[in-house]
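Structure first, commentary second.
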2 protein chains.
Amino acid sequence: MNFELDFRSGIPIYVQVVEHIRHMVLRGDLEPGDQLPTVRSLALDLRVNFNTIARAYRLLDEAGIISTQQGRGTYILSLPPPEVTDELRRKSLRSLVHQHLLDASRLGAAPEEILKLLQEQVDHWKQTGSLDNPENDKQS
Amino acid sequence: MNFELDFRSGIPIYVQVVEHIRHMVLRGDLEPGDQLPTVRSLALDLRVNFNTIARAYRLLDEAGIISTQQGRGTYILSLPPPEVTDELRRKSLRSLVHQHLLDASRLGAAPEEILKLLQEQVDHWKQTGSLDNPENDKQS
DNA sequence: TGTATGATTGTATCATTGTACCAATTGTAT
DNA sequence: ATACAATTGGTACAATGATACAATCATACA
């Protein structure tokens, strides 16, 4: 469960946690039956209060993505049928793009700049068939 | 945080607070990561309304000097010199786009689909001038 | 087995943080 | 005096944190 929080984005921490876990489930990083970190351990990991994690877990529980059980822990639920996940995939993809735009605009990028960069990397992707790292790695 | 306000100077309180804090940061009295007083405690200290302090903090936040986080507090930010941040911005942006592509491809998106979605949302952005949610999102 | 006890889980509630919105006040120009 | 804009204050709200609690599990021991 390795992801970073952005305390400056204005997006509530519990929302960030919800989105991260949703993405991990859709990507298959988390499979049905897998146990999530306890509210306390994940909170310690992310340097936030465990109530904030508990809130995220509650939302995920209400969304039918996980199952939280007092005294036992929280677990990934089985995935909905393909047509549902496909719809979910589209929504998730759109939401991902939206999130990406927010992140980029926070870095001061203009729409054209984002499109240009994406176009470049997509071209590279189509040519080489692989998603290499563009000669640098992740910063904040 | 010991400074006096001049209620007769004609200079708005929130401006005085902004200038004082900027000065303290430049002098090194406040270092990156330091937590500022809460809006309410500083307001009590200075005998003004906490909204006035909140206004000062908001301006400092927009200026990139501090980071205000609802429910957590406000903290001094570290800001590298302009040329560094500009270089960093480009690298961050490229790496952000790359990460985005990775995420999207894990969701099974083809290059064209990603570009198309981004184009849509960028168009919407340019038309409305705001990055509101594309009325989708959140679970099944 | 059965039960007692402590550790570990999530839950409930309230305090503390900053935010949003609008009303009241103040200063200033007409 | 009046009107207007800027500043400040009041109130309600949202996000996060602190604390106490309840449910479950692990362990020891009779």
Side-chain angles (χ1 to χ4, degrees), chain A residues 1 3-21 30 33-77 102 106, chain B residues 1 3-21 30 33-77 130-133 137-138:
Chain A
M1 189 68 57
F3 59 84
E4 302 276 332
L5 293 178
D6 187 344
F7 292 102
R8 299 184 51 202
S9 64
I11 301 172
I13 294 172
Y14 72 92
V15 172
Q16 294 185 43
V17 172
V18 165
E19 291 306 315
H20 271 289
I21 292 179
L30 292 171
D34 282 355
Q35 179 169 17
L36 291 169
T38 68
V39 290
R40 284 173 177 81
S41 67
L42 183 54
L44 196 63
D45 196 16
L46 299 176
R47 313 298 182 92
V48 297
N49 189 274
F50 68 84
N51 282 293
T52 304
I53 305 299
R55 183 171 180 179
Y57 280 9
R58 182 166 51 80
L59 291 183
L60 287 164
D61 185 288
E62 288 167 356
I65 295 178
I66 67 177
S67 162
T68 71
Q69 301 161 26
Q70 182 169 352
R72 292 181 48 78
T74 73
Y75 300 86
I76 303 291
L77 281 180
L102 281 178
R106 198 164 45 75
Chain B
M1 190 65 58
F3 60 82
E4 301 281 329
L5 292 178
D6 187 345
F7 290 98
R8 305 182 188 180
S9 65
I11 301 173
I13 307 294
Y14 71 94
V15 172
Q16 293 186 44
V17 173
V18 165
E19 290 309 315
H20 270 289
I21 292 179
L30 292 172
D34 283 355
Q35 179 168 17
L36 291 170
T38 69
V39 290
R40 284 173 176 79
S41 69
L42 182 55
L44 195 66
D45 196 17
L46 300 176
R47 313 298 180 95
V48 296
N49 188 274
F50 69 85
N51 282 295
T52 304
I53 306 299
R55 182 170 181 178
Y57 279 10
R58 182 167 51 80
L59 291 181
L60 287 164
D61 185 287
E62 288 166 356
I65 295 179
I66 67 176
S67 164
T68 70
Q69 300 163 25
Q70 181 169 353
R72 291 175 63 85
T74 74
Y75 301 85
I76 303 289
L77 280 180
S130 75
L131 281 169
D132 31 346
N133 212 322
D137 221 4
K138 309 302 179 290

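Values reported hereafter were calculated over all heavy atoms of this structure, with side chains retained and with hydrogens, waters and symmetry mates removed. Labels below follow one simple rule: chain letters A, B, ... track the order of the sequence lines, proteins then strands, and each chain is numbered from 1.
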Anything under 3.5 Å between a protein N or O and an N or O of nucleotides 7-11 of chain D, put it in a table, one pair a line.
residue : atom : partner : partner atom : Å
D/dT7   : OP1  : B/Tyr14 : OH           : 3.0
D/dT7   : OP2  : B/Tyr14 : OH           : 3.0
D/dT7   : OP2  : B/Arg55 : NH2          : 3.1
D/dT8   : OP1  : B/Ile13 : N            : 2.6
D/dG9   : OP2  : B/Asn49 : N            : 2.8
D/dG9   : OP2  : B/Thr52 : OG1          : 3.2
D/dG10  : OP2  : B/Asn49 : ND2          : 3.3
D/dG10  : N7   : B/Asn51 : ND2          : 3.0
D/dG10  : O6   : B/Asn51 : OD1          : 3.2
D/dG10  : O6   : B/Asn51 : ND2          : 2.7

inquiry  = Restricting to non-hydrogen atoms, name the atom on B/Ser67 and the atom on A/Arg8 that form the minimum distance, rounded to 0.1 Å.
reply    = OG-CG, 3.4 Å

task = Whole angstrom is fine here: how far is it from CG in B/Leu59 over to C1' in C/dT19?
result = 14 Å

message = Tell me the interatomic distance from A/Arg58, atom CZ, to D/dT16, atom P, rounded to whole angstroms.
response = 13 Å

ask   = Is there a donor-acceptor pair under 3.5 Å between the side chain of A/Asp34 and the backbone N or O of A/Ile76?
value = no

Any donor-acceptor pair under 3.5 Å from B/Gln16 side chain to B/Asp6 backbone = yes

ask   = Quick one: B/Phe7 CZ to C/dG27 C1', roughly how many Å, whole number?
value = 17 Å

inquiry  = A side-chain contact here means heavy atoms from C-beta on lying under 4.5 Å apart; do A/Arg55 and A/Val18 qualify?
reply    = no

Pairwise side-chain contact, B/Tyr14 with B/Ile53, heavy-atom cut-off 4.5 Å (strictly under) = no

key: Length of the CG-P vector between B/Leu44 and C/dG18, whole Å   = 13 Å

request  = To the nearest Å, give me how far apart CD (B/Gln70) and C1' (C/dT19) are.
outcome  = 6 Å

request  = Figure out the CG/C1' separation between B/Leu36 and C/dG18, and round it to whole Å.
outcome  = 13 Å

Could you write out each protein N or O paired with an N or O of nucleotides 23-25 of chain C at a distance under 3.5 Å?
none

ask   = Under 3.5 Å, is there a donor-acceptor pair between the B/Gln70 and B/Thr68 side chains?
value = no

D/dG17 OP1/OP2 closer than 4.0 Å to side-chain N/O of B/Arg72 = yes

message = What is the separation between atom CD on B/Gln69 and atom C1' on C/dG18, rounded to the nearest whole Å?
response = 10 Å

request  = With the side chain counted from C-beta on, respond yes when A/Leu42 and A/Leu36 share a heavy-atom pair under 4.5 Å apart, and no when they do not.
outcome  = no

query = Tell me: CD1 of A/Ile53 to P of C/dA12, nearest whole Å?
reply = 17 Å

query = Which pair of heavy atoms, one from B/Arg47 and one from B/Phe7, lies closest together, and at what distance?
reply = O-CZ, 4.4 Å

key: Distance below 4.0 Å between A/Thr68 side-chain N/O and C/dT11 OP1 or OP2   = yes

request  = Scan every strand shown for a Watson-Crick or G-U wobble partner of D/dT8, both distances under 3.5 Å, and answer none if you come up empty.
outcome  = C/dA23

task = May I ask you to test the A/Thr52-A/Val17 pair for a side-chain heavy-atom distance under 4.5 Å?
result = no

